[in-house]
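I have placed the structure first, in the form of structure tokens, so that the comments after it can refer back to it.
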Amino acid sequence: MHTNNLLFVIFYILGCSAEFYVIDDRIGFGREFDGIGGLSGGGATSRLLVNYEEPYRSQILDFLFKPNFGASLHILKVEIGGDAQTTDGTEPSHMHSKDEGNFFRGYEWWLMKEAKKRNPNIKLIGLPWAFPGWIGYGTQWPYFFPNVTADYVVTWIHGAKQHHNLDIDYVGIWNEKQYDPVYIKVLRDTLDRVGYTNIGIIAADGDWSIASPMLEDPYLNDAVEVIGVHYPGTKTVKEALLTEKKLWSSEDYSTFNDDIGAGCWARILNQNYVNGRITSTISWNLIASYYENLSFGGDGLMTADEPWSGHYVVESPIWMTAHTTQFTQPGWFYLQTVGNLTHGGSYVALTDRKGNLTIVIETMTHDHSQCIRPPLPHFDVSPQIAIFQLKGSFAHLTDLEVWYSKLDFETKKDTLFQRSSPIKVHDGLFSLKLDVDEVYTITTVSTGQKGSYPEPPKSNPFPKSYSDDFTVDKPPFSEAPYFADQTGVFEYFRNSTDNGSHAFTLRQVVTERPVTWAKDADQTISVIGDYSWTDLNVSCDILIETPVTGGAFLAARVDQGGESVRKAKGVFYWIYANGTYKVTNDIGGQRVLAEGQSGTREGVWYTLTLSVKGYFATGMLNGYPLWKNAAVLEPKNGWAALGTLSFEYAQFDNFKVNAQ
């Protein structure tokens, strides 16, 4: 009796339905697999990662990038900082003005180097969300002079190579904003002219709308290597397929990293190809390493938002990633024999065309795999038996490695990326009994590993007492620990005009409104601390640099950041260069709690002290009471913060906070 007939008899006796699926390379290959990636940026999503101490920081990086260990990512995509708010904060530009360049700002250079250190083959992508104001010539349009914008982007690519020995593989246009065909062609010409012919352009990091113009414009079509779309819901469009270009979900997931997030990620990693012929999927974001109360808290593949404690969590999406990344590589090919399972779920099969085979099967149910967007139409998944028949060059295989995960929503006891006994293949046949919310990897690749480290330190809130005098002679990063810029950019500054107590300061350096992506405030602001803080004393030395119109503030109970930063409420204690002060309940200064004369002016250091307790706030200037008992009805809690009245230079020193 043939083995397949025997299997059918056994399943018939057991009362189980079984379905056959053929894995065959004789009918040719599908599309080339381009890899699975994570996105740092869009924005400031890795902000707190750099402040972790060793060994925890290196452990986190291993879980993300180290081959055959954790997520083992194939691609790292980063924001090309543009000095503007891009979801969870601002990332600094390499050119605040057209006359300068600095390739050591921020942390994306460092992150790319750390990724390359672990995986020299990882692909690197750069994409702007925003641009410094000079690119827009006073407007919010970065394409007035396409050559200027192209030169700016190419300068970033050149800086990556010259200063960090990083080879950028792909570059994008303008995240989720209107693209300009002329600019795309100018960018391609600029790249080619300086020898970057191997760097591909991804366009347009939004919807599929660029596909039709590409079919009509051969020059645009030639300029674009990859059509990158966001949150496609595993679907593609006819026009995109007709271009015969690579199709990527260049931003996807964006879902809280619990088990439902893991289910979302597992489902789309398979179904983006099965349903959409999408050959790369990139997670926004790489790692939730920003204050949780900012936009989309906890939406990374793992969580590392407590550098002060060293605590981090390797969330289940890391292991959903590993099911694909540890057993495939960019340059492998999908087989044409991929598809949906009869009773729900999907399977993909990939090969290196040198004899290796990897099959990934997922059975995620609807309610346990909903991504944050787009809405997910209803579907059913039920337990099933799948019989796989290997044909072509795989017919001779006799046993295969098995890796298994089960997201158990009933017992809450997940099985994550567990190595199981090898599966025996008889006459090209093997069977699997599939339950719901499972992932299987069946593979010839034997190098898979579930990496681990000792438990990190326990979770602890931000310290109630914290201070920073910003005295760092050669800072490893341009930003001071834990400060999270929400509009503007605050950098370590060596004050050459002061060899005394203010030689090292923190300076706000963005002096004109950027070409924004979100709705940045009209003021600059950097937040720090614990969002649950209610009663606290905060003090800081402040130097206004702009005569007459300049101003700066110290704040407590700041309740908004991210894309809502314009609506931030709190207790804002302002001093102005015109000799006045003001206390407001909002960053925009509309609700005034107190105001009067302060005698403050530019070029002089002042110590501001703000005390908030219960419903009242009090402020001191240089140790003397300036105002007291301003009534604060809301908000009840929030971060501490500092900032400026407008996009202007100002310096800050000797920051201290004590929360009760």
Side-chain angles (χ1 to χ4, degrees), residues 11 14 16-19 21 36 63 68-72 234 253 255-272 274 281 283 298 301-303 313-328 339-349 358-371 376 379-388 399-424 430-443 445-446 448-452:
F11 295 139
L14 294 174
C16 303
S17 62
E19 301 290 341
Y21 305 95
I36 307 302
F63 280 114
N68 302 313
F69 190 84
S72 305
T234 79
Y253 177 64
T255 302
F256 187 72
N257 57 22
D258 58 9
D259 278 1
I260 290 177
C264 150
W265 186 233
R267 178 176 56 79
I268 63 178
L269 285 181
N270 262 23
Q271 295 191 20
N272 272 348
V274 170
T281 300
S283 165
L301 295 176
M302 63 180 284
T303 303
V313 184
V314 183
E315 310 281 6
S316 45
I318 288 286
W319 303 117
M320 299 303 103
T321 314
H323 271 285
T324 298
T325 53
Q326 289 202 21
F327 309 102
T328 60
N340 293 297
L341 299 171
T342 304
H343 298 285
S346 64
Y347 67 99
V348 293
T358 291
I359 303 167
V360 185
I361 303 156
E362 61 79 24
T363 59
M364 295 300 147
T365 54
H366 177 274
D367 291 353
H368 294 160
S369 69
Q370 293 189 64
C371 305
L376 183 62
F379 59 87
D380 293 310
V381 181
S382 57
Q384 57 196 302
I385 290 167
I387 305 171
F388 287 88
D399 55 272
L400 293 163
E401 301 277 331
V402 179
W403 290 81
Y404 170 73
S405 291
K406 166 78 171 180
L407 301 174
D408 198 320
F409 290 86
E410 291 184 9
T411 68
K412 307 297 182 188
K413 293 179 180 176
D414 293 344
T415 302
L416 293 173
F417 200 58
Q418 180 184 84
R419 189 177 204 151
S420 303
S421 300
I423 199 165
K424 294 297 181 185
F430 69 89
S431 64
L432 289 171
K433 188 176 181 182
L434 304 173
D435 201 352
V436 298
D437 299 323
E438 293 183 334
V439 182
Y440 277 92
T441 301
I442 313 296
T443 181
V445 178
S446 59
Q449 181 186 347
K450 186 174 184 180
S452 65

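These numbers come from a predicted model, not from an experiment.
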Exercise for the section: Apply side chain to side chain contact (heavy atoms under 4.5 Å, CB included) to the pair T234 and R267, showing each step before the final yes or no. Expected result: CA-CA 9 Å; T234 79; R267 178 176 56 79; 4.1 Å; yes
Exercise for the section: Please examine the side chains of I260 and F409, heavy atoms only from C-beta on, and report whether any two atoms are closer than 4.5 Å. Expected result: yes
Handout entry: 4.5 Å side-chain heavy-atom contact, Y440 and L434
Key = yes
Exercise for the section: Using the side chain to side chain contact (heavy atoms under 4.5 Å, CB included) rule, take V360 and V439 through it: C-alpha gap first, then chi angles, then the decisive distance, then the call. Expected result: CA-CA 7 Å; V360 185; V439 182; 4.2 Å; yes
Exercise for the section: Flag the pair T363 / L341 as yes when at least one side-chain heavy-atom distance between them is below 4.5 Å, and no otherwise. Expected result: yes
Fill in the blank from the handout: Value for OG (S72) from CZ (F63), rounded to nearest 0.5 Å, stands at 10.5 Å
Exercise for the section: Looking only at non-hydrogen atoms, find the nearest pair between A71 and T321 and report the distance. Expected result: O-CG2, 3.6 Å
Handout entry: Closest approach of Q449 to Q326 (non-hydrogen atoms, all atoms of both residues)
Key = N-OE1, 2.8 Å
Problem - Side-chain donor/acceptor of S283 to backbone N/O of Y253, under 3.5 Å - result: no
Problem - I361 CD1 to N270 CG distance, which is reported to the nearest 0.5 Å - result: 9.0 Å
Exercise for the section: Nearest 0.5 Å please: distance from the CD atom of Q370 over to the OG1 atom of T365. Expected result: 9.5 Å
Exercise for the section: Indicate, with yes or no, if the rings of Y404 and F417 have centres closer together than 6.0 Å. Expected result: no
Exercise for the section: Grab the two heavy atoms, one from R419 and one from S446, that are nearest each other, plus how far apart they are. Expected result: NH2-O, 3.5 Å
Handout entry: Minimum side-chain heavy-atom gap L407-H368 below 4.5 Å
Key = no
Exercise for the section: Just do the side chain to side chain contact (heavy atoms under 4.5 Å, CB included) check on L376 and S369 with the steps written out, would you? Expected result: CA-CA 9 Å; L376 183 62; S369 69; 4.1 Å; yes
Practice task
Kindly compute the distance separating OG1 (T281) from CD1 (I36), expressed to the nearest 0.5 Å.
Solution key: 5.0 Å
Problem - Nearest heavy atoms of C264 and T255, plus distance in Å - result: SG-OG1, 3.9 Å
Problem - E19 vs H343 side-chain heavy atoms within contact, under 4.5 Å - result: yes
Exercise for the section: Would you mind reporting whether D414 and W319 have side-chain heavy atoms less than 4.5 Å apart? Expected result: no
Handout entry: Chi angles and distances behind the side chain to side chain contact (heavy atoms under 4.5 Å, CB included) call for V348, V274
Key = CA-CA 7 Å; V348 293; V274 170; 3.6 Å; yes
Practice task
State, with a plain yes or no, whether a side-chain heavy atom of E362 is found less than 4.5 Å away from one of Q271.
Solution key: yes
Practice task
List the atom of N340, the atom of S346, and the distance in Å for their closest heavy-atom pair.
Solution key: OD1-CB, 3.9 Å
Exercise for the section: Using atom types as modelled and distance alone, determine if a side-chain donor or acceptor of D259 lies under 3.5 Å from a backbone N or O of A262. Expected result: no
Problem - Aromatic plane relationship, Y347 with F388 - under 30° parallel, 30 to 60° tilted, over 60° perpendicular - result: perpendicular
Exercise for the section: Answer yes or no: is there a donor N or O on one side and an acceptor on the other, between the side chain of T443 and the main chain of T441, under 3.5 Å? Expected result: no
Exercise for the section: Would you kindly say whether E315 and T303 are connected by a side-chain donor-acceptor distance under 3.5 Å? Expected result: yes
Problem - Interatomic spacing from CG in N68 to CZ in F327 - rounded to 0.5 Å - result: 7.5 Å
Practice task
Spell out, as yes or no, whether a donor-acceptor pair under 3.5 Å connects the side chain of N257 to the backbone of G298.
Solution key: yes
Exercise for the section: Check V381 against M364 and note the closest heavy-atom contact, atom names and distance. Expected result: CG2-O, 3.4 Å
Handout entry: Distance (rounded to the nearest 0.5 Å) between D435 CG and D408 CG
Key = 8.5 Å
Problem - Heavy-atom side-chain proximity of C371 to W265 below 4.5 angstrom - result: no
